[in-house]
Number of protein chains: 2
Amino acid sequence: MDMKLKQQASAITELTFDLLRCCKAKEKMFAKDHGLKVAEFRCLRIVEAGKSYSVQELATSMHLSPSRLTRIIDGLFAEKLVDRVQSIEDRRFAKISLTNKGQTLVGKLKEEYADLHGEMLKDISVEDRDKIYNGISLMQGLVSTWLVRNA
Amino acid sequence: MDMKLKQQASAITELTFDLLRCCKAKEKMFAKDHGLKVAEFRCLRIVEAGKSYSVQELATSMHLSPSRLTRIIDGLFAEKLVDRVQSIEDRRFAKISLTNKGQTLVGKLKEEYADLHGEMLKDISVEDRDKIYNGISLMQGLVSTWLVRNA
DNA sequence: ACATTTTCTTTGCTAAAGGCAAAAATAGTG
DNA sequence: CACTATTTTTGCCTTTAGCAAAGAAAATGT
């Protein structure tokens, strides 16, 4: 079959693999520096101040099981970063939201995580940054739709 | 500071994050379909037929600790996919190499994993594939050098 | 020659990440 | 009110991963 395709595919596979490993290390470092577990950091990244979330919402948006989420929230709750209250309308639901302490931390986290990436990207041109964006965006789309079709 | 940079940085952060998650799921599915643990699959991907490797070599090239590698190799050894013999020149070293069974499997694995990516990439243009390659390559370089500087 | 140090691997232990299945609690419905 | 469905939690298990100490072998100093 298409030789060029095969070549490109395997090169991209390799690169993606390396990128993955590096990003994982990067996340781990960042989380550790802020006294968080990686899973906690990932969870905090998606909760917005003022909003409240069910366990399920968080689980689906993080692509994890509800039980896993319960444990992650346990940790954040123990650190007084999130509140967990029973919904009044439907008491099966939990309503997870940031405490003041949590809001402060998340604000700092987002700021510093963006800075970290800004630091990485600052020495290259706007065009190259766009290339990165476009390339990763395309790839993300492909992998994502592939997953949906093959899950 | 540079508003454009910040915007691009945070968009790229988000995308990379999603890509990472999807690729992880992809690897997991693929490994499972072939009766392997993800770590085992990752290890097999880097050993070439006919060559032999020390535990340390594998550990550094996978960016894992030697002890972790010992365990991964234990698994592969139990499945009779790799041989583990003491080096004659320096008996401290282990020499890890693929068995016949391992070679057959790795061959199939590489073939099918490339096909999987070929499948994902086949419907887009050669130019778009190049865009993906270039974008991810740039990003990988940045994250990688950042890691070296900040580790 | 032998004691010490260094190097490579393994083992024991621990933590974190994650899922499955059953239980608990609540809501909705015949 | 009995039954079913939904949401979360709990118990238990697996996988991934590292650290520190032990073991084994080589290199080196005296």
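Every chain is numbered from 1, with letters handed out A, B, ... down the list of sequences. The model shown is predicted, which means the values in this text are computed figures rather than measured ones. Only this structure's heavy atoms are used, side chains among them; waters, hydrogens and symmetry mates stay out.
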**Nearest-nucleotide comparison on DNA chain C, the residue closer to the 5′ end among A:Val38 and A:Asp90** =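 Looking at the nearest nucleotide for each, A:Val38 comes out on the 5' side.
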**Request:** Report the residue (A:Ser67 or B:Glu57) whose heavy-atom-nearest nucleotide on DNA chain C is the more 5′ of the two.
**Result:**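 First, find each residue's nearest nucleotide; the 5'-ward one identifies B:Glu57.
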For [X] and [N], what is the distance between atoms [atom1] and [atom2] respectively, to the nearest whole Å?
X       : N      : atom1 : atom2 : value
B:Glu89 : C:dT7  : CD    : C1'   : 16 Å
B:Glu40 : D:dT16 : CD    : C1'   : 12 Å
A:Leu69 : D:dT10 : CG    : C1'   : 15 Å
A:Ile73 : C:dG18 : CD1   : P     : 14 Å
B:His63 : D:dG18 : NE2   : P     : 11 Å
A:Leu36 : C:dA17 : CG    : P     : 10 Å
A:Lys37 : C:dA16 : NZ    : P     : 4 Å
A:Ile88 : C:dA27 : CD1   : P     : 12 Å

NA contact type, [X], heavy-atom cut-off 4.0 Å: base, sugar-phosphate, or nothing?
X       : value
A:Arg68 : base
A:Ile72 : nothing
B:Lys24 : sugar-phosphate

**Message:** If the cut-off is 4.0 Å, is A:Arg42 near the phosphate of C:dG18, judged by side-chain N/O to OP1 or OP2?
**Reply:**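 Checking C:dG18 against A:Arg42, a side-chain N or O does come within under 4.0 Å of OP1 or OP2.
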**Message:** So, does A:Arg84 get its side chain near the phosphate of D:dT9, meaning an N or O under 4.0 Å from OP1 or OP2?
**Reply:**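 Looking at the OP1 and OP2 atoms of D:dT9, one of them is under 4.0 Å from a side-chain N or O of A:Arg84.
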Measuring from the side chain of [X] (C-beta onward, heavy atoms only), which nucleotide among [options] has the closest atom?
X       : options                : answer
A:Arg92 : C:dT26, D:dG18, C:dC20 : C:dT26
B:Arg71 : D:dT9, C:dG19, C:dT11  : C:dT11
B:Gln86 : C:dG18, D:dA17, D:dA25 : D:dA25
A:Gln56 : D:dA17, D:dC12, D:dT8  : D:dT8

**Prompt:** Within a strict 4.5 Å, meaning less than it, do heavy atoms of the B:Ile73 and B:Leu58 side chains meet?
**Reply:**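 With C-beta onward as the side chain, the pair touches.
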**Request:** Would you check if A:Leu109 and A:Phe30 make a side-chain contact, meaning some heavy-atom pair closer than 4.5 Å?
**Result:**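 Result yes, sub-4.5 Å side-chain heavy-atom pair found.
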**Asked** Do the side-chain N and O atoms of A:His117 and B:Gln8 include a donor-acceptor pair separated by under 3.5 angstrom?
**Response**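 No.
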**Message:** With no hydrogens and no angle check, just 3.5 Å: does a side-chain donor-acceptor pair link B:His63 and A:Lys24?
**Reply:**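 No - no donor-acceptor pair under 3.5 Å links their side chains.
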**Asked** Linking I/L/V/M/F/W/Y whenever any side-chain heavy atoms sit under 4.5 Å apart, do A:Leu20 and A:Leu64 land together?
**Response**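 Hydrophobic grouping puts A:Leu20 apart from A:Leu64.
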